[in-house]
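Everything on this sheet refers to the single structure shown next.
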Amino acid sequence: MSLVVVGSIALDTVITPKGRRDNAVGGSATFFSLSAERLTRVRIVGVVGSDFPEAALNEFRKRNIDLEGLEVKSGKTFRWGGEYRRNMKERETIYTELNVFETFDPHLPEAYKQTDVLFLANIHPALQLKVLDQMEADPLVGLDTMNLWINNSREELLQAIGRSHIIIINDEEIIQLTGMHYLVDAVRYVQELGPHTVIVKKGKYGAELFHYRQHGVYPICPEEILTDPTGAGDTFAGGFMGYLASRESRKLSYEDYHEAMIYGTVMASFLVESFSTDKLAAVTDREIRERLLMFRREIL
Ligand code: AMP
């Protein structure tokens, strides 16, 4: 099945106890695509400024990634800076510069409007809605979000959630969204809004899958060395949605969702081993296969 993602493409400055990286390629759509493209072709909807490195665009082009929906606008690329504390769980956003995102008005290429699977990665929910409005087919829709939009753009976010089938959200955000502290109540509340599938990410405690009334718990796959968790959620989402899109049809079983959780978890374990996309981009298919095997045999 075909897969479209809309999200941010960024230049990130990240500080962790392991060091820092300035103006590295990041953004939700970037991490998502580099993860999903291992399984299926990905079409990106997004925007970068004229300062975005051509070499980075060429890295996308060399892969299973279609950039027809990526706009290059005069001006500066979206920039984000963050710093992690010692346990790497707490992160402080140092700055968010919207730049070309401020006036971004996505116009999807014709082929994108017929996509089977659509992922609304973390960007302003108004942009997520603009992309949904352009769909001519009836895709399987996944959505990610963050605390900023839950606080500042709640109405638009609720509309976007109402039009989605799958939501990927972290444990703090689902409490913030629903006001409910008991996880199952919060999940049922979100399912009432629309999505049949809710994935709750719990950082180093892994993630939980709620698919209709079925439920599974997944630990993390141990990484070799934790260097920079930025983009782990997007990388998980890329592996998860990429796996679903690699199936033949929309008739997806619980087993498919279970496999997608495993794939997402393993891809995220590579991402965190380096700054930016270094490891995610370099990991070989063999390393992925081996870690999938190890995860199934020793962790699950
Ligand atoms: P995560 O670690 O999953 O929260 O994702 C981090 C990525 O999200 C970074 O690469 C940032 O560039 C991107 N990001 C941070 N804030 C925003 C925002 N407000 N809108 C879109 N993307 C963002």
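Computed from heavy atoms alone, side chains included, the values below leave out hydrogens, waters and symmetry copies. Just follow the structure's listing: the first ligand is 1, and inside any ligand the first atom is 1. Numbers for residues simply follow the sequence, beginning at 1. This one's a predicted model, so the numbers in the text were calculated from it and none came from an experiment.
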For [atom], which protein heavy atom lies nearest, and how many Å away is it?
{"atom": "atom 17 (C) of ligand 1", "result": "F78 CZ, 3.6 Å"}
{"atom": "atom 21 (C) of ligand 1", "result": "N122 O, 3.1 Å"}
{"atom": "atom 15 (C) of ligand 1", "result": "W80 CD1, 3.4 Å"}

Answer side chain, backbone, both or neither: which part of [X] comes under 4.0 Å from ligand 1, heavy atoms only.
{"X": "W149", "answer": "side chain"}
{"X": "D12", "answer": "side chain"}
{"X": "F101", "answer": "neither"}

| said: Could you go through N151 and Q176, starting from their C-alpha distance and side-chain angles, then the distance that decides it, and tell me whether this counts as side-chain contact (heavy atoms from CB on, under 4.5 Å)? | reply: CA-CA 8 Å; N151 283 336; Q176 206 184 339; 2.9 Å; yes
| request: Starting from the C-alpha separation in whole Å, work towards a yes-or-no answer on side-chain contact (heavy atoms from CB on, under 4.5 Å) for H124 and E156. | output: CA-CA 9 Å; H124 196 295; E156 284 157 316; 3.5 Å; yes
| Single hit among K201, H258, E208 for side chain to side chain donor-acceptor pair (under 3.5 Å) with Y218 |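 Exactly one pass, corresponding to H258.
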| said: Under a 3.5 Å distance rule, please check whether E37 uses its side chain to pair with a backbone N or O of R63 as donor and acceptor. | reply: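 No.
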Taking only heavy atoms of [X], which atoms of ligand 1 are found under 4.0 Å from at least one of them?
{"X": "L148", "result": "19 (N)"}
{"X": "G26", "result": "10 (O)"}
{"X": "A10", "result": "12 (O)"}
{"X": "F31", "result": "10 (O)"}
{"X": "T230", "result": "2 (O), 6 (C), 9 (C)"}

| field | Nearest-option assignment for atom 22 (N) of ligand 1, heavy atoms, candidates S28, S8, G231, A237 | value |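 That would be S8.
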| query | Of all heavy-atom pairs between R250 and D138, which one has the smallest distance, and what is that distance? | reply |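 Result for this residue pair: NH1-O, 2.7 Å.
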| task | Work out whether the distance between some heavy atom of R91 and some atom of ligand 1 is less than 4.0 Å. | result |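 The answer is yes: ligand 1 sits under 4.0 Å from a heavy atom of R91.
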| R79 near ligand 1 by a heavy-atom separation under 4.0 Å |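 Contact check R79 vs ligand 1: negative.
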| Going by heavy atoms in the side chains, are I94 and T13 under 4.5 Å from each other? |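 When only atoms from C-beta onward are counted, T13 and I94 do not touch, as no gap falls below 4.5 Å.
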| query | Would you call K18 and E273 a salt bridge, taking side-chain N to carboxylate O under 4.0 Å as the test? | reply |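 Looking at K18 and E273, the cut-off is not met.
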| said: Any salt bridge linking D133 with R163? Criterion: basic side-chain nitrogen under 4.0 Å from a carboxylate oxygen. | reply: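 Yes, D133 and R163 are salt-bridged.
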| query | Got an N/O contact under 3.5 Å between G27 and ligand 1? | reply |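 Yes, there is a polar N/O contact under 3.5 Å.
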| request: May I ask you to check whether D234 has an N/O atom sitting below 3.5 Å from an N/O atom of ligand 1? | output: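 So ligand 1 has an N or O lying under 3.5 Å from an N or O of D234.
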| request: Would you please indicate if the ring centroids of Y257 and Y254 are separated by under 6.0 Å? | output: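 Y257 vs Y254: aromatic centres not under 6.0 Å.
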| task | Run through E298, E223, E224 and flag the one making a salt bridge (charged side-chain N to carboxylate O under 4.0 Å, His left out) with R291. | result |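 Filter result, single survivor: E224.
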